[in-house]
Amino acid sequence: MQLSRRSFLQATTLSGGGLMLGLFSASRKLTAQNAQQGPPPFDAKAFIKIAPDGTVTLVARNPEIGQGVKNMLPMLIAEELDIDWKSVKIEQADFDPKYGLQTTGGSRAASNNYMPMRQVGAAGRQMLIAAAAKRWGVPESECFAENGRVYHRPTDRSLGYGELASAAAALPVPDLKTLKLKPATSFKIIGQRTMGVDVPDIVTGKPIYSIDFTLPGMLFAVYEKCPVFGGKVKSANIDEIKQLPGIRHVFVSEGTIKLGPVLDGDPGLEPGIAIVADSWWFAQSARKKLKVEWDNGPAASQSSTGFAQRAQELSKSAPQRMLKQEGDVGSAFSNGSRVVEAAYSYPFISHAPLEPRNCNATYQNGRLEFWSNTQLPARARALVAKHLQIPEDSITIHLLRAGGSFGRGLSNDYMVETGYIAKTIGGPVKLLWSREDDMRHDYYRPGGFHFLKGAVDSSGRLVAWQNHFVSYGDGEKFSPAASISPTEFPSGFVPNYLLGASVMPLQLKTGALRAPGANAQAFVFQSFIDELAHAAGKDPVAFRRDLLNQPGEKLVAGAAKPKVENEPATTKQAAKPQAYDADRMLAVLELAAEKSGWGKRKLPAGTGMGIAFHYSFQGYFAHVAEVTVGPNNTLKVNHVWGVGDVGSQIVNPSGAEAQVQGAIMDGLSEIMGQEITLEGGAVVQSNYDKHPLLRMKNAPQIEVHFHATDHEPTGLGEPALPPLLPAICNAIFAATGKRIRELPLAKSGFSWA
Amino acid sequence: MAFTLTVNGRQMTADVPDDMPLLWVLRDVLKLHGTKYGCGIGQCRACTVHLGGEPVPACLTPVSEATRAPITTIEGLSADGTHPLQAAWREMDVPQCGYCQAGQIMAAAALLKKHPKPTDADIDAAMSPNLCRCGTYVRIRAAIHKAAGTSAA
Ligand code: FES
Ligand code: FES
């Protein structure tokens, strides 16, 4: 991505000397009004600060949720600025529209920042060189920068950046078009394994997370909500609770949400009871003594078994609407030599980051100030403003490190609750959800049902694919993260294709979980492709190779992710239609087969290998898994080979490899035991014992390979997860002949060996 | 009730109910925030501290019981972050979000005290109670081996 023509750089002098360099976008009303008042305050939107003593501070603008963006963004600047990474200070930006896009989601950090952050760095370097050349009275072409100094080649003179910073700040900022970026061959920081900038603080227990943040006089709160979405308090023993030790405030909220299907992300403030105390333990203990009579409301009629039954019924009729139709599946099925039909399903699951939702806020003189681990501060502010009736410009948000997020922090219900409590008590407060709150009031990855039919011809090629997707939503709208792209693979790769959908209204919050859509659909499609490969009598790799090797165009237009409904506006970028590059996928498929010794190794009985690929969030991934299934369906995953193509350059190989390792472990957690079910409208599971994570003894060996190609670098938070699940299921089939069509595996009697 | 605890070699007093878990005494009363809350029911061990040298989940340890032996938290594992495990964690770049890592390091430190040269099986046994939502297990294992000067099986 290039900077838009309306972006420009701006330099400012630091008070006390020094340079500050920022990236500005003209679309942000930096115009008339600011022009009259002179340049914006110099701490605005600045990414580089160079103090007279040479200390360089780089600002990381995106929220850090554990994916390493606090390294990657500054590394891009530092590379082009030519400074020693070890000497750099990194500062987390607060939420401030002047920094431009500050969002973590959609695996967009690499592609949104790769060029702009390097341009910021290169501009800084060029200005420092110009300042030195001017001071020495020599041509710029005789000077070069290295490790925080500018050198004059012929005379071997040099000046430190600190000595040049003030002079540089007074120079005109170079035109973006004239900036010379380094060729990848001379990178010294980009491409180096680089330790997370917060790791020294993490390993010594420094209070860097949102849950650790304190303010003088801060109180601690819990917020008890109805187990059923939207349920209201009919009566409660509030007066009794007020008398308990350490309790300062107890109050009931009616909430601001509308009942009915949840279709638009954050519904607002849910009804509940706030208990505010001197310590969180007092609040939580008092809450256990609450006696509440709830008015459960209409959502109480929902149950998982009810939805499953309804999905079966819907599958018997034509889809409520057609999403895509190509060729003629009907005649292909009557002519196809082999027709396979299968019904697949997957459950709702919870994000369950290890740090439960929490937020800090204080309210004073009509102003609300937050310290939060949100992934989407801009949306959080708009939401709080709307539901608490506070103007947006009276709301400040500071960003704190999140103990995991996986998409949970894209929704900001907990910030509305915190803001509400702070406003009500008129002071500083920390709202901390218990683990049970976190699991029972999540924005769940929605479950779904796919009724599939496919045909292969006598030569073993896929000729028809039909899918009736039964999901959640209302009318034309899918519930958040419950949609499907009409052009999802294998659309465009099979001559006769039909995708239809039916929806069931859902009164429960759903939302994006790491690789939304893909994290469920890859399991279905890559498992079904395996079934078709076996029906065709072909090796699973060979069948996939043929599928990707369609005659004609290798870029299948729009096959990627043309539209994600209900996605936050700020990540709409991720919804830009993109072509599916069959050659890139073929290459990772071949590499995964090669690295894993596909078809070359003799495996003992009960051991099998499975392969799967999936494109999501601009990344091409293929995984191979080797599993052993013992007596009583005990599963051991011996080895996973993960191969990805995310473009030309891995910025931080340590962080990149960690994202793939983590995605594989995450997929293993999901596949074995994770399932959120509803009974009487309430979520049944409430902690890790019933919604388990993988443990170390069950973790496989993992090998990660990146296949570099001449494409823009793209992100890694998500695309490595989806193919893991079908690779495991296909390996189970290879080992046992048992086809998994329903997740989690525990439902089919599997457990970890 | 006032309880006297020895935390990281210092005597500290907390006037709290006797069933208050050590986790919340550390975090909300003594303002030591390195020990983390993840589940409150013994499932995640993000709250692991040493009580008399043994790893215990602070969320399930009432303060009344925590008086019986000295307590070490992540803040007290070493004076300056130089415990071999802390060094290995940095070198292997173990943390992702990092939230579980105080608990992981405390569990690993207790393991190395008992088994200075742990095998993979020793590591599995000692570390499997600790959850990592981000899936850093490959690097945790490697970092323990690094700190112990052993190699993976
Ligand atoms: S918080 Fe103690 S085990 Fe999870
Ligand atoms: S590093 Fe995030 S939970 Fe372990």
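Just so we're on the same page: letters track the sequence lines, and every chain starts at 1.
- Of the charged side-chain nitrogens involved, at least one lies within less than 4.0 Å of a carboxylate oxygen, so that B:Arg139 and A:Glu657 count as a salt-bridged pair.
- Ranked by heavy-atom pairs under 4.5 Å with chain B, the list A:Ile702, A:Ile211, A:Leu694 is led by A:Ile211.
- Of the inter-residue distances, the one linking A:Ser210 atom OG with B:Tyr99 atom OH reads 9.0 Å to the nearest 0.5 angstrom.
- The distance from the CH2 atom of A:Trp281 to the CG atom of B:Asp19 is 6.0 Å, given to the nearest 0.5 Å.
- Without hydrogens or angle criteria, A:Asp689 side chain to B:Gln43 main chain gives no donor-acceptor distance under 3.5 Å.
- Residue A:Asn358 holds its CG atom at 10.5 Å from OH of B:Tyr37, rounded to the nearest 0.5 Å.
- Considering only heavy atoms from C-beta on, B:His33 comes within 4.5 Å of A:Thr214 through its side chain.
- For A:Leu432, the part sitting under 4.5 Å from any heavy atom of chain B is the side chain, from C-beta outward, and nothing else.
- B:Gln96 places no side-chain N or O within donor-acceptor distance of the main-chain N or O of A:Gln659, the cut-off being under 3.5 Å.
- At most 12 non-hydrogen atoms from other residues, nucleotides or ligands lie less than 6.0 angstrom from NZ of B:Lys114.
- For B:Ser128, the parts lying near chain A are the backbone and the side chain together; criterion is any non-hydrogen pair under 4.5 Å.
- Contacts with chain A were tallied for B:Ile41, B:Val94, B:Leu77; B:Ile41 has the most, counting heavy-atom pairs under 4.5 Å.
- Ranked by heavy-atom pairs under 4.5 Å with chain B, the first of A:Gly655, A:Ser654, A:Gly404, A:Ala663 is A:Ser654.
- Between A:Lys697 and B:Ile123, every side-chain heavy-atom pair lies at or beyond the 4.5 Å cut-off.
- B:Asp93 contributes atom CG, which lies 7.0 Å from atom CG of A:Asn71 (distance to the nearest 0.5 angstrom).
- For A:Asp212, the parts sitting under 4.5 Å from any heavy atom of chain B are the backbone and the side chain alike.
- B:Arg133 places no side-chain N or O within donor-acceptor distance of the main-chain N or O of A:Glu355, the cut-off being under 3.5 Å.
- Proximity to chain A is absent for every atom of B:Leu32, based on heavy atoms less than 4.5 angstrom apart.
- Among B:Cys44, B:Cys97, B:Cys100, the residue with the largest count of heavy-atom pairs under 4.5 Å with chain A is B:Cys97.
- Between the CZ atom in B:Arg45 and the OH atom in A:Tyr688 there is a gap of 14.5 Å [rounded to 0.5 Å].
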Which is it for B:Asp124 and A:Arg695 under the salt bridge (Lys or Arg N to Asp or Glu O under 4.0 Å) test, yes or no, and what are the steps along the way?
-> CA-CA 9 Å; B:Asp124 277 348; A:Arg695 292 187 182 275; over 6 Å; no
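- Within the 4.5 angstrom heavy-atom criterion, no atom of A:Ser669 approaches chain B.
- When side chains are defined from C-beta on, A:Gln701 does not count as touching B:Val138, because their heavy atoms never get closer than 4.5 Å.
- Within a 6.0 Å sphere centred on NZ of A:Lys206, other residues, nucleotides and ligands contribute more than 12 heavy atoms.
- Between A:Phe282 and B:Trp24, the distance from one ring center to the other does not fall under 6.0 angstrom.
- Contact between A:Pro356 and B:Gly38 at its shortest, heavy atoms only, is CG-O, 4.3 Å.
- With a 4.5 angstrom heavy-atom cutoff, A:Ala699 touches chain B only via side-chain atoms.
- The residue among B:Gly34, B:Ala121, B:Cys39, B:Pro95 with the most heavy atom pairs within less than 4.5 Å of chain A is B:Cys39.
- Chain B forms the most heavy-atom pairs under 4.5 Å with one residue out of A:Ser279, A:Pro200, A:Gly68, A:Pro207, and that residue is A:Ser279.
- Between B:Glu91 atom CD and A:Met195 atom CE the span is 10.5 Å, to the nearest 0.5 Å.
- The candidate from A:Arg401, A:Arg435, A:Met665 with the greatest count of non-hydrogen atom pairs under 4.5 Å with chain B is A:Arg435.
- Your options are B:Arg90, B:Gln101, B:His83, and the one with the most heavy-atom pairs under 4.5 Å with chain A is B:Arg90.
- Interface residue A:Met696: backbone and side-chain heavy atoms are both found under 4.5 Å from chain B.
- Counting only distance, with no hydrogens or angles, the side chain of B:Gln86 and the backbone of A:Val203 share a donor-acceptor pair below 3.5 Å.
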